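Remarks on the structure that follows.
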Amino acid sequence: MSFDRSIKIAPSILSADFANFGAEIRAIEAQGADWVHVDVMDGHFVPNLTFGPPAVKAFRPHVKTVMDVHLMITPVDPYIQAYADAGADILTTHIEAGPHTHRTLQAIRAAGMKAGVALNPGTPAEAIDHLLDLTDLVCVMTVNPGFGGQKFIDMTSKVRKLRSMIGDRPIHIEIDGGVDPKTAPLVAAAGADVLVAGSAVFKGGSVENPDVYGANIKAVREAAEAATA
Ligand code: DX5
Ligand code: ZN
């Protein structure tokens, strides 16, 4: 995985047809997705439950781009090796998931993955100041995690702050929650480069009608790129 700050669209398969993940992943990639975002929820850290390592391992052969795995679970450390074995390229943990995020990020990198750290809307940018040298991606939540299709919470000032804290270090800023063609320009202008979008990509489309995914991805991308030009 090479690093750059161009806009990358990462559809969240939380909004895909759960009975058809392989075909859904192939469809969004064929329609221009840059990364595939995989939301792992445990019904404990967040009030919803999705899937675990065996499912993520089953997704792997369908993902030709980057498999970006967002853990909304606690504890994290006992499962790091399982997600490495499942083939995650990036593994993101929440700063709120436990007291030892520093150790968790070291362990994610030691297992051969890129390490991400996510911040809930109530968590300030400064909380990860001492973690940035262990981090490849900062995920700024623009909803309270747990569900797709929620309303965007404006975290523009946090993104701007993180962008300046990061400086020229090769660290992505990812936005997760409520991203659509209206909200994407706000965060792109503030310095985000990876835009997760669930409902905004999958709405109106299907594996039988995948052109809609392509048009949805293009709409988010063009809105974001116009704001960075
Ligand atoms: C929220 C998840 C998101 C979610 C985004 O807990 O982490 O990735 O799927 O969905 P939308 O784009 O519909 O807000
Ligand atoms: Zn997510």
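Because the structure is predicted, anything quoted here is derived from the model rather than measured. Counting convention: from 1, in listed order, for ligands and their atoms alike.
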* Asked: How about C139: does one of its N, O or S atoms come closer than 2.8 Å to the Zn ion (ligand 2)?
  -> no
* H37 atom (N/O/S) at minimal separation from the Zn ion (ligand 2) -> NE2
* Residue H70 atom name (nearest to the Zn ion (ligand 2); N/O/S) -> ND1
* Considering only heavy atoms from C-beta outward, does the side chain of N144 approach that of I153 to under 4.5 Å? -> yes
* **Ring centroid separation F21 to H62 under 6.0 Å** => no
* NZ-CZ distance between K8 and R221, expressed to the nearest 0.5 angstrom -> 9.5 Å
* Asked: Of all residues at least two apart in sequence or in a different chain, which pass the side-chain contact (heavy atoms from CB on, under 4.5 Å) check with S164?
  -> none
* Mind checking whether F18 and F51 have parallel, tilted or perpendicular rings, split at 30° and 60°? -> tilted
* Are the aromatic rings of H37 and H70 close, with centres under 6.0 Å apart? -> yes
* **T93 side chain near T101 side chain, heavy-atom distance below 4.5 Å** => yes
* Identity of the N, O or S atom of D39 lying closest to the Zn ion (ligand 2) -> OD1
* **Same apolar cluster: L14 and V196, side chain cutoff 4.5 Å** => no
* Tell me which N, O or S atom of D176 sits nearest to the Zn ion (ligand 2). => OD2
Please tabulate protein-ligand N/O pairs under 3.5 Å for ligand 1, atom names and distances to 0.1 Å.
from	atom 1	to	atom 2	distance (Å)
ligand 1	6 (O)	G146	N	2.8
ligand 1	7 (O)	D39	OD1	2.9
ligand 1	7 (O)	H70	ND1	3.3
ligand 1	7 (O)	D176	OD2	2.9
ligand 1	8 (O)	D39	OD1	3.2
ligand 1	8 (O)	D39	OD2	2.7
ligand 1	8 (O)	D176	OD1	2.6
ligand 1	8 (O)	D176	OD2	3.1
ligand 1	9 (O)	S12	OG	3.0
ligand 1	9 (O)	D39	OD2	3.2
ligand 1	12 (O)	G198	N	2.7
ligand 1	13 (O)	G149	N	2.8
ligand 1	13 (O)	S199	N	3.0
ligand 1	13 (O)	S199	OG	2.4
ligand 1	14 (O)	G178	N	2.8

